[in-house]
Structures are given as structure tokens and as C-alpha cells.
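For reference, the structure discussed in these notes is given below.
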Amino acid sequence: MTDARTPIIVGGDRGPQPSLGAGSPAAAGGPRADEDLLAGLNPPQREAVTYRGQALLIVAGAGSGKTSVLTRRVASLLRNKEAWPSQILAITFTNKAAGEMRERVEQLVGDSARGMWISTFHSACVRILRREAEQFGFTKSFTIYDSGDSRALIKRLVKDHEADAYGLTPAGTQGRISKLKNELADAESYARQANMSDPAERVFVDVFTDYQRELQRANAFDFDDLIGQTVYLFRAFPHVADVYRRRFRHILVDEYQDTNHAQYALIHELTRPPGSDAPPIASGGMMIFEPEPSAEDAASLTVVGDSDQSIYAFRGADIRNISEFERDYPGAKVVLLEQNYRSTQNILSAANAVISHNFDRKDKKLWTDVGAGEKIVGFTGYSQHDEAQFVADEVDTLRREGIDYSQMAVFYRTNSQSRALEEIFIRSAVPYKIMGGTKFYERAEIKDALAYLVAVSNPADEMAMRRIINKPRRGIGDVTIETISRYAQDEQITFRDALANSSALGVGPKIQAAIAHLDAVLAEATDLMLPASGELAPPTAVAEGLQLLLGRTGYTDALRASRDPQDEARVENLDELVAVAREFARNNPEGTVIDFLAEVALVSDADDLEDASGSVSLMTMHTAKGLEYDAVFVTGVEEDLIPHRISAGEPGGPQEERRLFYVGLTRARKRLYLSLAMTRAQFGEVSVAMPSRFLQEIPPELLHWRQSPGDVNSRGGTQSRALNARRPGGGSGFGTSASRYGDDLVPRSTSIEKFANRIPAKVRDNGDMQLAPGDRIRHDDFGEGRVDAVTGEGAKRIAHVRFDAVGPKKLLIKIAPIEKL
DNA sequence: GAAGGCAAGTTTTTT
DNA sequence: ACTTGCCTTC
């Protein structure tokens, strides 16, 4: 995030000039410096690495080695001295992908990789905006509002405008504003084409306008603004845009199919020839020699994508960005990568078959030469817990076959599905890691702590001030807050500065003292973290400042004094946040609290953890994009889940769901499992689930049903008929093994009675029950058994038990339903 | 201003 | 089923 080391190279001062231009020096003959970079690449991959021209589209199917191609392309540019690191801008989808790419380029070219910009759209824009914020009414210390922050602000505005009377909800309003911003519309441009005689439209425009005004007043950008305002900046200040157009000579964008219009526009701005829209006289134009702009001067653009993996249309991604690339960039070269190096042929054939049901797509067939591999395994559980138990058992089997936990992943459509899996995994002692879900940084205590940091680093941010002013309780309520706010407005100062004049507020002595104390602590923390005199804060300043704030304000003490057991965990979370700050200091010795906040705001689920080594990964199919595992479980393959019910009504919805399913399938290298449940509890009600239509799109010979939907509907009830009705005349499909056993056969190993409500809502806690090898125990479900061994530490101690009836099992001692005999 | 009780919405995916 | 937010009461 910090970038003091990398000076911008401006036009006219490009430093030593690497060989540039249309004729690739490498192609001109002679030994290539990058021959080893091409080792092991197939012909299209080579082409994608070596092609030199203004625009290149790499259509990279799943698992076709695009990351390899992209990194080698960058490495070869550097190696051949066609570009300096500082002239390269590579955009990836997540921070994690950016980190990996940097690492891989460094492996290829060593230290000369330094100075490249490899980051997400959002991070790159933050860097640009930090430098240029003062051009348009922001300061360098602006804060970034995440969706929660902007939701809170919108909520207040909706209330102020009594907009709920016109059917505006905070969530809906936020969604509309986000969509509009992704289209680069603002309140004014929207109002111009909206039907303003509709009062609901008028009030929406009012809320939108106020929202934007509040953001500006708070010196803050929301996620969408980071992109949109950068585009605005480039368009409004061509001389600023030219700085970056001259700097970045090679722009590479990964996952191009998931870019939205604003991101498209940003790339478009950056790839225009410098000077092309600067008025000749303006902005020192006479000082800098400006040659007649030509297409040759524009940065070269490489985009990589696969329209079959476009899964973010719901947040404004426009598939046309990739499908019309050749029109947008005339003369663009297109390279197709279709050979897959990841999955077995069976997995690919299934994926190909599914995705081919999407009409309106360019036909593309992945293939591999690694062989058919294992069949895909299907399983139908009676309930989501039954399904989860299957997954847990199978994970165990795979582990015994030698596949590491870290090489297995379980995918689901919605985050809420993770709960049942979690419960079963805990009981089966399968180590797991949930990627995403309820995020660390969304916890109340973490948001509070971060708000304290914002209060220090961006005094204009009144939202943050309001958040912390009475946490912990200081006796400052709504009335006092409004008094301070009014005082600040009257005096034309910020809310933060108003605290310094607590005596002028006309509040009671107790409250006045509380305000003065808060002001003093904030001032002290500011001195520590952002020393005024130009001296640099020590790297540890963020962590220390955070501890100072939480300690001196009594925040931690209040949690400790509480008798709510959850507050204990909150203290631990805060400790973890301090640890994160320390880690940040190690990685960014010159990073300030402002950089820290930006980094924290922009981390995503996929970035989250280090490799979760030794654990099975649980995540949504969206999060799974770009990842790969030896064994993959796609769970909840049911109608109304995948495809999700809500998508059914949206144009293009079912097709996007199919692409999402396709993404899930293609993550698997060797083993693929598809599972579903016949009943699923949601909203507290148990409802009957139907197998997903996507299952029927998989050729039956590729799929082995361990337990098919037909097996489970053995009584030939309405479900079974409903299923058959979906496939008139279709012989294959579900129930292959049902037909083998006949419709009336009772399912073998499982029954509804056995699995109904097996899982208690509350997990029990055995405390620190001591077990040793040789001890005998009794388990609620498994009966009596003997302990073979105990492994693990603390709350994660695991007993390896040989049960008399059911054989060996592993149990998490703390929560297993067991008693010592 | 705080605590406790009731109502409502929640579960589509995310930088 | 579960959480969150709003309202009442102290």
C-alpha cells in the first residue's frame, strides 16, 4: 500500500528507455533471453507470452494455465528489457492472487520485479487517489467505507428523508446506488433521465445526493467510488491521467469477464495515448514537449478471461467487456487456451456438458491428456446433516488414501449452508477452515476498534466519531451527540475538533469530563501514530496506538467486566487485531495507520487466511473462483439453491448460475463429489428439496450415484414422480441405482428416522475432560469404546477411539457426546 | 441512559 | 432458528 520508494516516472523523463515499439526486439531474431520462460508451454501459451502488440485477449478456459502464462508474459517483458517494473500494471481479482503473481514473477526474474504495480482494481485506485485526492476536495487521509459503513450512512439518510414511506429500504437503496455508480452515473445524471414527477424517484435522488455529499464531507470513498472517482479524476484532469498513461506501458487485467463498466472505463482511460485529450496550452503543455499523440504511444493491454466463468453480473460485471474486446480494441490479437492441465477428463466432460446448455456462448471445449480418472460421485442425503455426514466420512476416506486435508474443499451456494457442515465436521473431528462467512472485520468490536483508528487518522469522518463516542459507555447519548454536532456546524469545525472545546458545549460536568478525556486519549494516540512534525512514526505505532486507545478509553476493561460470555471472545478478537497490526508493521515498515486501514478495508474472503494448511476449506462457489483442489465436494446441488431461487426471475440469472456451477466443477483436479439433501431446513422450517436441473445435464455414465435421489425416495412418493415428470422419456438421469433395486426397496444404510434431528442445536462442552489411552467411554450414538490415543492440544484435543460396534472414530473431546466410564 | 422484551427480517453471490 | 433493532419501562 505504501509506495514512497517508487517515484512516478512522468512524461519526458522515462529514464533509460527499454526497447519499445511495434517491432518486438525479441522477434527480430537472435537468442531470446526468455527461452527458459517458454519451457513446457504449448503453442497457444507461447503465443500468449510472446505476442507483442497493442492489445491481446487471452481466452483462458478453466485450468488452462493462465496464471503461468500471465506471469511468464510479465517476466519476459522484464527479462528482455522491454519494460521497467514501474511501467507494468497488473490487475488481479483478489489481493491474494496479486500476492501469488508477484511471488511467481519474482521467482522468474528476482528483485527486478520490485516496483511493479500488481494489485486489485480497488487497491490500485486507492494508491492513485491517495496521491491525487487533493485535486478534487479530498485529503490524503481519506477513509474507505465498506458496505457496512455505507449501509449505516444510507440507513440514516433514508430515515432523515422519511424515504421508507416511498418504499425505499436501506439495502435496496444501497444496491441501486451501487449499480448506478458501477455505470458511472451520479445523482445528477440519474436525475436528468429519471421520471422526476414520481415522488419515490425524487426522494431517491435526494438520498443519493445527500449520501454523496456526506461521503465528501467525511473525506471518504465507498468501494464503488474508489473506481468511479478515479475515472472521474482522469476525465476531469487530463494532465493527471497523462501521468499514469505515460507511466504504465503494459497493462494486464486478469478475470476480465468480471469487470464492470467503471473498471472497463478505467482501463480505457489508461490505455489512451497520453496527451490525447489535453488542451495544447493547458497544464504546462508548453513546458513539456508533446508529440502528436498516436496509437503507438498508448500502453499495451493484455486481458485474460473466460466468459464461461463470469459470475459477478449481479454486481455489475458486464460480459460484453470481454465479448466485444475485439471491437473495442481494433487489431487485437486473440489467443485461445483450451488444453486443461488441472482436471481429469471425466470432470472436464461433465463440466463441458453442463456449460454447453448455455446458449449464446462461443463453443469451447476443454480437453486434457491425463486420462479419464475416477467417476464423479453423487450422494443424496435425507437431510443437510445426512449430506454433511457423507462429506465428513468421505473426507476421512480420502485422507486415508493420502490426500491432505488442505487439498480438499467443500463448496456451497450460500453461506448459510456452512452451518450444518460445520456441526458435523466438529463432531467428526475433521479440521476445517471456513473462508469468508461472518467476517472478522465485520464483528462489532473490530469495527469499533477500527473506528477509533479512523477517528485518529481522518477527523472529518463523523460516522466513525459517532460510532465510538459512547463506546464504552460514557454517558454520552443522542442528545449530547446532537449538541456536539450542532456546535461543530456553528463553529465550522469538525465533530472531532468540537470535542476539544468540551467546556463550550454547555453540557453537564460529568459529560464534559468524559468528552475531555476522550479528546485527550485521541490526541495522545494521534501524537503517537501521526506525529505532526514530519518525523516518521515508528513501525509499531499502529499496534501501540490501538492498544493505547482500547486501554485508555476503558474499552477492553468494559468487555472484561462484562458477564456476557461472548465478551471474552471479543477481547481475544481485539488481541488478534493488535497482532494483525504488528504483522502489518513487519510487512510495511513505513506503513501508517492510514495504510493499515486501507489494507484492512480491502481484504477479501479469498485473501483471508494463509493456506489453511492441514484443514479442509469450506467456501461459497464464488469464493472458490481461481482456486483448485485435488478433491472437491459441491454440496446442496438442489433446485432453488443452485440455481438459486432468486436468480430465476432475473434476466440471465439461470445462465449465470450454470456458470457458477461450472466454476465449482472445474476446481477439482482428481475427485469430484456432488451431493444434495432431500429435505433442507431454512427459515426454521423444513422443506422438501428437489435435485438441481444441472445434475441432469451431466452424462449419466460420468456419474456414479453412491445414493441417488431415487434411492432416497424409495416409497415412490410424490417426489419421485415429480422427478420423473421432469424428464419425460428420459431414461438416464437420476435413480440409476434405484431402478436397480426397484422402487420399493427401503434404503440400505440410512433412514429418515435415524437422521432426523440428530444434531442438537447446542454443542455440549465437556470442559477439560481428561482421557488417556486405555480408558473406556460411552458415546451417545456409537456406544461403548476404548481410547487408543489422544492427540492435539487444549480445546482441540482429539480422542482416537475404537468403538465396539462401529470401529475406529476420531472425536473432539471438548464437544463429543461422550462420558468416561 | 440502560436493560429487557417483543417484532421483524433474514439467506445470493462480494471488492 | 437466529439475530437485530425498536420500544417500553425503570
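All chains are named by letter (A, B, ...) in the order of the sequence lines, taking the proteins before the strands, and each is independently numbered beginning at 1.
- Within 4.0 Å (heavy atoms only), A:I311 reaches no atom of the nucleic acid at all.
- In this entry the distance linking CZ of A:F93 with C1' of B:dT13 reads 11 Å, nearest Å.
- In this structure, A:S647 reaches neither bases nor backbone, as no heavy-atom distance under 4.0 Å exists between it and the strands shown.
- Distance check, rounded to the nearest 0.5 Å: CZ of A:F223 to OH of A:Y145 gives 13.0 Å.
- When each of C:dG5, B:dT14, B:dT11 is scored by its nearest atom to the side-chain atoms of A:K155, the top-ranked nucleotide is C:dG5.
- Put simply, CZ on A:R658 is 21 Å from P on B:dT13, counting in whole angstrom units.
- The listed nucleotides are B:dT12, B:dT14, B:dA3; the one nearest the side chain of A:R315 is B:dT14.
- If you check B:dT13, B:dT11, B:dT15 against the side chain of A:F314, the one that comes closest is B:dT13.
- In this view, A:Y412 satisfies the side-chain hydrogen bond (donor to acceptor under 3.5 Å, both in side chains) rule with no residue, not counting sequence neighbours.
- Residue contacts for A:R645: at a heavy-atom cut-off of 4.0 Å it reaches no nucleic acid atom on any strand shown.
- Comparing C:dG5, B:dT15, B:dT12 by their nearest atom to the side chain of A:T120 picks out B:dT15.
- The listed nucleotides are B:dT15, B:dT13, B:dG1; the one nearest the side chain of A:T414 is B:dT13.
- Of the candidate nucleotides B:dT11, B:dT14, B:dA2, B:dA2 has the atom nearest to the side chain of A:R473.
- Between A:F234 and A:Y232, the distance from one ring center to the other does not fall under 6.0 angstrom.
- A:E422 and A:R427 are not joined by a salt bridge, as no carboxylate oxygen comes within less than 4.0 angstrom of a charged side-chain nitrogen.
- Every residue meeting the side-chain hydrogen bond (donor to acceptor under 3.5 Å, both in side chains) condition with A:E583, not counting sequence neighbours, appears here in chain and number order: A:R586, A:N587.
- A stacking contact between A:Y312 and B:dT13 is absent: the pair does not combine a ring-centre distance of less than 5.5 Å to the base's six-membered ring with planes differing by less than 30°.
- Between the OH atom of A:Y145 and the P atom of B:dT15 there is a distance of 21 Å, rounded to whole Å.
- The residue among A:T620 and A:N470 whose nearest nucleotide of DNA chain B is located toward the 5' end is A:N470.
- When distances run from any side-chain atom of A:H122 to the nucleotides B:dT15, B:dA2, C:dC2, the shortest one goes to B:dT15.
- Across all strands, A:R419 comes closer than 4.0 Å only to sugar-phosphate atoms, never to a base (heavy-atom distances).
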